[in-house]
Amino acid sequence: MSASDCPLTKMPDVLRAALECADDGIVIVDDARRITYFNAGAERIWKLAPADVLGGDAAILTLKCLQADPVVDFRDEISLIRRDGSRIKATIALSSTTIDGTVNHIIFARDVTAEAERRVRIGLLNAVSDQTNRAVIIADVEHNIRYVNSAFTALFGYTSEEAEGRPAAELIAGCHTNRRAIAKLVKRLMAGGRRGEVETLVYDKSGEEIWVCARLDAFRDNKGRLRHIFALVEDITESRQLRSLQQLIMSALADEVPITEIADRLCRRVEEIAPDVVCSLLHVDAAGLVHPLGGPSLPEDYSSALDGIAIGPDVGSCGTAAFYGEPVLAEDLDTDPRWQPYKAMPLATGLRACWSTPVKAKDGRVIATFAFYYRESRAPSNWHRRIVDACVDLAAFAIERKEARAEIARLAYHDILTGLPNRAQLRHLITTAIDACPTGSHVALAFLDVDHFKDVNDTLGHAAGDELLIQLAQRLREQIGPEDMLGRLGGDEFVILLPHRNAESAEQVATRITEALAAPLRLGSKLMPMSASIGISLYPDHATDIDTLMQQADAAMYMAKQAGRSTHCMFNAEMNGLTEQRLAMIAALRRAIAEGALSLFYQPQIRSCDGAVHGVEALARWHDAVLGDVSPAKFIPLAEECGLIEQIGLWSVREACRQMAAWRRAGLNIPSVSVNLSPINFRNVTLAARLQDVLTEHDLPPDALMLEITEGTFMQDGAAALETMHAIRALGIGLSVDDFGTGYSSLSRLAHLPIRELKIDRSFMRDIEKDAGALAIATAVVRVGQGLRLTVVAEGVETEGQRKMLAELGCDVVQGYVYAPALAPVAFERWLIEHCAEQARAMLGQLEVKPAVAVKRSA
Ligand code: C2E
Ligand code: CA
Ligand code: CA
């Protein structure tokens, strides 16, 4: 087949030359499927020489579209397998035309192998870029988006069709996007600078905020000119912003940052990552009152106005959310019914909506509310919800930690038994009250000590003692005002802090307490009588520092004890240093007992009828190297206070008996020795047995011993003391009622007591010569004693006149300076010898009939 058969032979040469120059392969095949034209381009595609194909069968072209019958027009990209077996990608366009009645098939072929390969590569790249969860954006130099991957669609909601062609800024940037940072980075890239990244808030198709980290880089051509900007955008909402909140709180907790500081930092951080929000955290206390913990962007006066508001079913957003335990959204404070009483302040500061979420403890209690305020009427975005979701648990954790700390502090500052503030807390409260005390005002401090509390513990057990303290605390609380504070120092000591009270007002409280304690407490089935002694000091009148005030209240309380208990005492200057003195004295007394530094002096008791020695009273003496001679009137009550009296009493008995035995062995016949015992000695049920032991040890008859007891012994202590008294009397030991006339015991009661002797108190002696009343009492006592067949002793008799009068009254025995003071044993021995000599002289005188002397010297 020659080329002259080709329809192109009729074409002008120039056109034929043009076809030869074409890039595409052009082949013409006649209706008998013979190749009639094959240009240079076709040669390149099929790698065949025209000489080999012209006039030959078109099958050599391996085109399926030519094999069809009839041949139809075709246009497609195909895989072309050449005769030599090599393959290329080619686009084939086949169309048939009829020229001069003959059908010609014209084939245009183009080698697209390179392009196809590029397309595959791009497809692969796409697939890869779609694999990553980072959004990819490619924009041109005009910042119009040219490419986005599927992650972009997933993150922002725009399909690639919606995104491509649009300016990136228009698509995802919004009011809180950091445009400046992005612009700066782009500028740097345009100027040939290095890639960089920026963290910013962007917005998705529905307007939701997304925190992203965008890494920006440039695609440049081979001349280095910037062609495209490439952005790899990562959603860091979860990974950074929310986690950073958690880290913020956790590290603050680890650093022991106070809860208000944590709340403050949390709110500030939230406002950074959610710029539309004004954030606040309110604590809800056990009583259902809210207290601002943090809200750095809320106006100060609004925050303080919230403090102490009670939660309720329609108390703004927070109060309501706390009340129901559900989030509450008020989209418009102005119209929301729950906000009507509270809306003025937030509206005035430009806050219009409030969304509050309850923060719950592990046990479900609402312990706080976390609120987002908005400047426009709106609802929270998803981003805001995610922040709150992340924060409520953290806030709960932080607040629970705070509560746990508060509980530990409560335990550290409160007395476990009564729940009252303890010593540490009291000091704090007192300091605060003093600091807050305005000039001209006062703070009173009252110390209260339960009278004979030890007895309750000793006789009824510690459980009863505890119960008594609890009930007592309750009663005390009822007697004090709302501003007053009650605390327990420990043991049976309570403190009442009375701010804004002067001396008079404080004393009124003390009186009220004393009266309230008059009614016995019920302990199980028992009714316990109880009383307390109260001492009061006053700031600033008595002292201005807490330690001195406490010491003074303590000293005054001690004075109240001394004044007979069940009363109160206001501190005065004379009590200064009393407490320290007292403590020093207790220590010294303890030492004196241990070292045997106490001694007994003896005072004779003389029979009125014949001047003979009736007995001696043993009186304790204490000489201390530092304190000098300490009066028993001082150290005996102290010993009773601090529990040393028990030892002193038993020591007195032993020592007196030892002395009596010694005297008897020396031939000094003293009928009996009187030993003073405290009521406390009679609470010891083993007393009688111990006395018997002492008598046996010294081989003394029981009537050689007389015990002096006060009315208190059988008045207060009832049954137990009475039993001891009977046991002692049964041993044959005498009992004498000391200081008779000063107590309250009815004379008729004496008849039922196992006593042998009455001692008229020395206070009656002083006025007996001039005061008819004193004489009347002395007379009555002598008569009663005689009626009861008791020996009546007058003590404190100082003058001959007194002695005479008592003798005339029929008083059996006289004791006092008129004969001798209490004397040390050796001095007493000398006195006794002298006295006996005098006695003898008197008797001799009587024999010589010298009645005047006899009357004067012995009645
Ligand atoms: P009391 O038992 O009433 O003892 C009498 C007190 O009067 C003694 O004081 C004595 O020295 C004092 N006195 C004696 N004659 C006269 C006098 O003519 N005029 C005046 N004004 N006073 C006189 P003292 O020794 O200071 O004892 C005071 C109190 O201490 C005693 O009062 C007694 O209650 C207590 N006491 C003393 N020794 C002991 C003791 O060993 N055990 C106990 N439980 N109490 C003791
Ligand atoms: Ca006495
Ligand atoms: Ca006495």
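Order of listing sets the numbers, starting from 1, for every ligand and every atom in it.
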With only distance considered, is Arg621 within less than 3.5 Å of ligand 1 through an N or O on each side? yes
Measure Asp738 to ligand 1 on non-hydrogen atoms and call it side chain, backbone, both or neither using the 4.0 Å cut-off. side chain
Could you list which atoms of ligand 1 come closer than 4.0 Å to a heavy atom of Val797? 18 (O)
Taking both backbone and side-chain atoms of Ala620, is any N or O found less than 3.5 Å from an N or O belonging to ligand 1? yes
Which residue from Trp622, Phe601, Tyr817 reaches closest to atom 23 (C) of ligand 1 through any of its heavy atoms? Tyr817
Are any of the heavy atoms in Ser678 under 4.0 Å away from ligand 1? yes
Check: Pro825 main-chain N/O paired with Trp663 side-chain donor or acceptor under 3.5 Å: no
Which atom, counting only N, O or S, brings Glu708 closest to the Ca ion (ligand 2)? OE1
Quick one: does any side-chain atom of Thr799 pair with a main-chain N or O of Gln802 as donor and acceptor, under 3.5 Å? yes
Residue pairs, two or more places apart or on separate chains, that pass side chain to side chain donor-acceptor pair (under 3.5 Å) and touch residues 509-525: none
Taking the side chain as every heavy atom from C-beta outward, state whether Gln815 and Lys759 have any atom pair closer than 4.5 Å. yes
Report the name of the N/O/S atom of Asp738 located nearest to the Ca ion (ligand 2). OD2
In ligand 1, the atoms that come under 4.0 Å of a heavy atom of Asp739 are 3 (O)
Just wondering, do Phe494 and Leu426 contact through their side chains at under 4.5 Å, heavy atoms? no
In sequence, state the C-alpha distance, the side-chain angles, and the governing distance for Lys561 and Asp451, and then conclude on salt bridge (Lys or Arg N to Asp or Glu O under 4.0 Å). CA-CA 8 Å; Lys561 286 253 183 234; Asp451 298 332; 2.7 Å; yes
Whether Glu617 has an N, O or S atom under 3.0 Å from the Ca ion (ligand 2): yes
Residue part near ligand 1, for Asp761, under 4.0 Å between non-hydrogen atoms: neither
Going by heavy atoms in the side chains, are Val814 and His614 under 4.5 Å from each other? no
For Asp492, enumerate each residue passing the salt bridge (Lys or Arg N to Asp or Glu O under 4.0 Å) test, keeping only those at least two apart in sequence or located in another chain. none
To the nearest 0.5 Å, atom CG of Leu832 lies from atom OH of Tyr602 at 13.0 Å
Strictly by modelled atom types, are Asp610 and Gln839 linked by a side-chain donor-acceptor pair under 3.5 Å? no
Candidate list Val653, Leu705, Leu700, test side-chain contact (heavy atoms from CB on, under 4.5 Å), partner Val694, passing option: Val653
Between the candidates Glu708, Arg762, Glu795, Glu655, which shows the shortest non-hydrogen contact distance to atom 32 (O) of ligand 1? Arg762
Looking at the Ca ion (ligand 2), is one of the N, O or S atoms of Asn676 less than 3.0 Å from it? yes
At under 4.0 Å between heavy atoms, is it the side chain or the backbone of Met765 that contacts ligand 1, or both, or neither? neither
I need the atoms of ligand 1 closer than 4.0 Å to a non-hydrogen atom of Gly816, numbered in the order shown. 15 (N), 18 (O)
Which ligand 1 atoms, with their elements, are less than 4.0 angstrom from a heavy-atom of Gly796? 16 (C), 17 (C), 18 (O), 19 (N)
Only heavy atoms of Glu798, strictly under 4.0 Å: list the atoms of ligand 1 that pass. 17 (C), 18 (O), 19 (N), 20 (C), 21 (N)
Sub-4.0 Å heavy-atom contact, Glu617 with ligand 1: yes
